[in-house]
Structures are given as structure tokens and as C-alpha cells.
Student: 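Sharing a structure below in C-alpha cells format, with a few things to ask.
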Amino acid sequence: MPPTLADAYRLVHSGSLALAEVERAGIRIDVPYLEKTIENVSSKIKELHEGLRQDDVFKQWKQRFGGKTKLTAHAQLGEVVFGDLGFSPNPSLIANRGCEQGKTNTGKWRTDEGSFDHINLPFVKNWVRWQKWVKTRDTFLKGIYREVVDGYLHPFFHLNTVETYRSSSGSPNFQNFPMRDPELAEVIRKCFIPRKGRRLVEIDFGALEFLVSSCFWKDKAMVSYASDPSKDIHRDIAAKIWLCSKEQVNKNTRYFSKNQFVFPELYGSYYIKQAQALWQSIDEHDLKVKDIPMKEWLSEKGIDRLGNCDPREEPEDGTFEKHIKQVEENFNQKMFPEFGQKKEKWWKDYRKTGEFQLMTGFIVRNRPHSKNDLLNYPIQGPGFHIMLKSLIFSLKQIHKRKMKTLIVGEIHDCSLADVPDEEIQTYLNMTKYIMTKDVPRQWPWVIVPLRVEVEVSNLAEDGGNWYEKHLWDETKGSWGPKT
DNA sequence: CACTGGAGCCAC
DNA sequence: AAACGTGGCTCCAGTG
């Protein structure tokens, strides 16, 4: 019997109790470090601000806006750079539908970071940098500081706000602290520390979205990719996109294949958007095959331009657009034909009933939904539910075994725990078993093996924090740093 | 003064 | 016909 709406209710009920416990536990914050860091970042901001004020561009800015001059106003920056200084909008940016190149929906100049990529003006580079640090301080650092009580932070975790039946977090949002920008990640994540005698332990589900996707579409080839650790979908697609052998795929080319083709394709993007994004990445990130610059490499294969990317036109031969169109057709018709066919039926069925049910029993019928919603919700919701059920089971075990471990946070496909050193082995063994054995056993729709990725911080006494953490793995039931 | 939508940026 | 999804938070600029 597949999960019913009543099952879904029970999950939310016990999930709410579990997350209440997470909220109550709280995360230890290194308050002196946080205070010092706010000071340091403020000095950096002040310096950058001073530099901007002394720049000649700022004089022009003042001439233009006089008493209304406001250095934080994006609209004013746009007027100065693209209006007065006469820079053209970034030609490699893709214009929004119904938007003039380089402008927003309301007709103002776009002033996001990418809009300035092509402009080599120190003033502009520094302005972007300045804004980045202002956000770091005001949103993240001060957001934490404002909510700290007696050295602990208690972010909220909600189950009632998200259409896909994922969770959300607030006050502050625990789920969007910087991670990819190493400079920002370090400054902010060092605020989070374990309690005395403990370590922070983060356990992620590996590749959860792709695994859940396989469970939902039950496409044979997809399930095979998801089940066989020696197979790598992103590498294989990268080889097709970049016209090279699987062995010639490198970290970068795989990364962009994954994030600008495979996931977008699973969630309803299409070849024109993917081609544009990939083509832009080639120069932006200096993509290569072996040591050959990508555009040279592609040119040797007979592809020397992007193409018009006009949805009304058939792409021309010899364009990247045409090539990606073929990769897409191959993806949907040859590689994953069941995915290609089932998604049409899934959409048709929705059009008949106006509602759809997730594998975990939840029913979505709150409003009319787009085709892409129909592709995304069934993956995003149940992916989170796998994590939530694991969290619930872990807490149950922690209580039963009278452990002192505290689960202190959750980010969609991972949990963060504050674990006494002497409980580490128990906690990791127990949680891995729950995540990879117990939960799949309870949900027969999980038809592919689940996997975990474990990261552990140093002890509090050794300067452990959420930034400095180490991959751990298991050999014969014993966990330690990965060698 | 309270509120709102847009734009931007952070995460998964 | 349309064109990858879900959030939270902050600032500005405009409205009542």
C-alpha cells in the first residue's frame, strides 16, 4: 500500500515534535568571535566605502544625483554606469523575456553582479565587493547576533510554509548560510561551535535529488545510474555535451553538465536555456578539454558559435544550440525513454484531476500548477521527507539509549548534530543505519540504495567549528577521518 | 508610519 | 504556450 494522506499527516505531526526539539536544543555560538568578526567586517566595509567615495566615478555620481545621492541605491548605480558613463549592458547576458537587454522587468538597469562582468572599472568591482560584505554583516552576522540567547542560537524550522511540503527556516534562516564562497563561508560558519567536549556532525544524503528522481520516474536507466556507484550520469552527459571521451571529462566540465544540463532537464528547462548557460560558462570559467580551450576544442568538432537561440527558429547546423538540442533528444528518447514518456502522462493526468499526490502521501491541490511544478514537487518534497523521517528516527534512538547527543539543525537533505566525543561512534553507526536501512525499509517506493556523507568537526576544545570540518568514513563499523 | 513589491543574493 | 523548482532576508522606492 502506498503512503496515504493520513501517513503524510503523521509524518508532519511527529516531524513538528522532532523539529521543536531541534529548536529547543539550539546551536552554540562563539559570541566573542562573532562580535570581533562584526567589528572586522565593519572596518572592511568602511574602507571599501571610503575608497568608493574618493573615486572619480563618485564625483560624477554626485553631479548626477546631488542631494539625493545614495551609494546603496542600485538604480542610481545603473544610471551612472550605463547612462552617464555610457557602458553597454553585458552582451553575454541573456535578456529576460519582454525585457530590454540589461534591464529588469520594471525597466531599470540590472545591477546584479553578472551585469558588470565585462566592465573593468575599479569603482564597479569595489561596489560589488562592498555590497557583498554589507550583506554578510547585516543579513548573516547580525542576523545571528540578534537571535543569540545565552550563547545559543535557536532558529525556527517550519513544516507549514512550503508548497512542496519541504521545510523552511527563519529567525535567522539556518538554511542559507554561505557555503560556496570560501571567504564568506569561513567568516560566518566559524560562529557555530560545538558544546564543550563535543563535535559538530553533519550528515548528508548523497545525490538525494537524483535518487528520488529515479524512484519517482522508475526509469530503468535512471535507476541503474542511481544504484551503481561505478556509474556517473553527470560524467556521461558531460562527455556528450563537450564532445569528448568520459576519461577526458574533468571536474569543471562535469560540474556544469550537472548544474546547467542534467538538473535543469529533470526540472523542465530546455535546450535553448541550457545552451545559453553552458556557452556562457565556457568563457566565464575557462572550460577546457585536456589543455585545449573549450571553444577551440568545439570548433575542431565543427561547432563555432552559439546560434540565434530563438525559440521560433530551427537551430542551424554547426551551432552549439543545435548540438545541445541533440543532446536533449538523446537524453529523453534514447538514454531515459521512460522518463521522456512518463512525464507527459503525469502532466496529462494532472490536467484531468487538478491535483497530484507525492510518494509520501501528501496531496498538492492548493492552486493551479505549471508543467515544471509537476516535475519538481514530486522530487523536492519526498527528498526532504526522507531526511525528516531519518531525523525523527534518530531522535527516537537518542532518547531510547539515553544519549546526550543533540540534533541542532536541518538543511533539506542533511542534519547537524552536537555530539559528545564518547557518543560519536554510536551516533554515526546508528544514524547511518537509520538513513540507509530503516527508512528505505519503511518506504517501499525507495527502490534505490541511499548513501550518506559524514563530516565531523574538531572538539570544541580544539577549536572545532562548522567551517572547519573533516570528511569521515567507516571501516568495519569504526569511524574516523577519511584518509 | 505601516505596508508592499521588486531586485538582489544566500542555501538546497 | 512556455521554458528548472522551493524558500528567507535586506534594502529601496513607492503607496496609502
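Small disclaimer: the values here were computed from a predicted structure and weren't measured.
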Student: Looking at Lys371(A) and Glu344(A), is any side-chain nitrogen of the basic one under 4.0 Å from a carboxylate oxygen of the acidic one?
Tutor: yes
Student: Between Tyr377(A) and dT6(C), is there a contact of a side-chain N or O with OP1 or OP2 at under 4.0 Å?
Tutor: yes
Student: Rounding to an integer number of Å, can you tell me how far Ile324(A) CD1 sits from dC4(C) P?
Tutor: 16 Å
Student: Heavy atoms under 4.0 Å, any strand shown: does Glu113(A) hit a base, just sugar-phosphate, or nothing?
Tutor: sugar-phosphate
Student: So Phe177(A), base contact, sugar-phosphate only, or nothing? Heavy-atom distance under 4.0 Å.
Tutor: sugar-phosphate
Student: Students often get this wrong, so: under 4.0 angstrom with heavy atoms, is Thr111(A) touching a base, only sugar-phosphate, or nothing?
Tutor: sugar-phosphate
Student: Taking for each residue the nucleotide of DNA chain C bearing the nearest heavy atom, is the 5' side occupied by Thr164(A) or by Gly170(A)?
Tutor: Thr164(A)
Student: Check whether the side chains of Tyr267(A) and Glu209(A) place a donor and an acceptor atom closer than 3.5 Å, and report yes or no.
Tutor: yes
Student: Under 4.0 Å, counting only non-hydrogen atoms across every strand here, what does Glu163(A) touch: a base, just sugar-phosphate, or nothing?
Tutor: sugar-phosphate
Student: Provide, to the nearest angstrom, the distance between the CG atom belonging to Leu375(A) and the C1' atom belonging to dG5(C).
Tutor: 10 Å
Student: Let me have a per-nucleotide readout for nucleotides 10-16 of chain C, 5' to 3', with B, S or -, counting only protein heavy atoms under 4.0 Å.
Tutor: SSSS---
Student: Find the distance Leu374(A):CG to dA1(C):P and express it as a whole number of Å.
Tutor: 19 Å
Student: What nucleic acid atoms does Arg180(A) come within less than 4.0 Å of, heavy atoms only: base, sugar-phosphate, or nothing?
Tutor: base
Student: For Glu47(A), is there an ion pair with Lys44(A) - N to carboxylate O distance below 4.0 angstrom?
Tutor: no
Student: Rounded to whole Å, how long is the line connecting atom CG of Asp373(A) with atom C1' of dA2(C)?
Tutor: 13 Å
Student: Just by distance, do the side chain of Ser415(A) and the backbone of Leu391(A) share a donor-acceptor pair under 3.5 Å?
Tutor: no
Student: Note the angle between the end axes of the helix from dC1(B)-dG16(C) to dC12(B)-dG5(C), five pairs defining each, rounded to 10 degrees.
Tutor: 0°
Student: Could you tell me the separation between the CH2 atom of Trp347(A) and the P atom of dA3(C), rounded to a whole number of Å?
Tutor: 12 Å
Student: Show your reasoning for whether side chain to side chain donor-acceptor pair (under 3.5 Å) applies to Glu265(A) and Tyr270(A).
Tutor: CA-CA 6 Å; Glu265(A) 189 64 36; Tyr270(A) 77 125; over 6 Å; no
Student: Can you find a donor-acceptor pair, distance only, under 3.5 Å between Gln380(A) side chain and dG5(C) base?
Tutor: yes
Student: For chain A and DNA chain B, what are the first and last nucleotides along the strand, 5' to 3', with at least one atom under 4.0 angstrom from a heavy atom of the protein chain?
Tutor: dG6(B) to dC12(B)
Student: Passes salt bridge (charged side-chain N to carboxylate O under 4.0 Å, His left out), Glu163(A) versus Arg367(A)? Steps please.
Tutor: CA-CA 10 Å; Glu163(A) 288 200 352; Arg367(A) 63 172 175 88; 2.8 Å; yes
Student: Taking the six-membered ring for Trp and the full ring for Phe, Tyr or His, determine whether the centres of His49(A) and Phe58(A) are under 6.0 Å apart.
Tutor: no
Student: Would you call Asp317(A) and Lys322(A) a salt bridge, using N to O less than 4.0 angstrom?
Tutor: yes
Student: Does the ring of Tyr270(A) meet both stacking tests against the six-membered base ring of dA3(C): centre distance under 5.5 Å and plane angle under 30°?
Tutor: yes
Student: Report the distance from atom CZ of Phe263(A) to atom P of dT6(C), rounded to the nearest whole Å.
Tutor: 17 Å
Student: Provide, to the nearest angstrom, the distance between the CZ atom belonging to Phe174(A) and the C1' atom belonging to dG7(C).
Tutor: 15 Å
Student: Indicate, with a heavy-atom threshold strictly under 4.0 Å, whether Ser370(A) touches base, sugar-phosphate, or nothing.
Tutor: nothing
Student: Should the pair Glu202(A)-Lys469(A) be classified as a salt bridge under the 4.0 Å nitrogen-to-oxygen rule?
Tutor: yes
Student: Ion pair present between Asp232(A) and Arg254(A), side-chain N to carboxylate O less than 4.0 angstrom?
Tutor: yes
Student: What is the nucleic acid contact for Thr136(A), judged by heavy atoms within less than 4.0 Å: base, sugar-phosphate only, or nothing?
Tutor: nothing
Student: Between Glu113(A) and Arg129(A), does at least one N-O distance fall below 4.0 Å, as a salt bridge requires?
Tutor: no
Student: Main chain of Phe192(A), side chain of Asn465(A): is a donor-acceptor contact present, judged purely on distance under 3.5 Å?
Tutor: no
Student: Under 4.0 Å between a Lys/Arg side-chain N and an Asp/Glu carboxylate O for Arg305(A) and Glu316(A)?
Tutor: yes
Student: Quickly work out the Glu328(A) CD to dA3(C) P distance and round it to whole Å.
Tutor: 15 Å
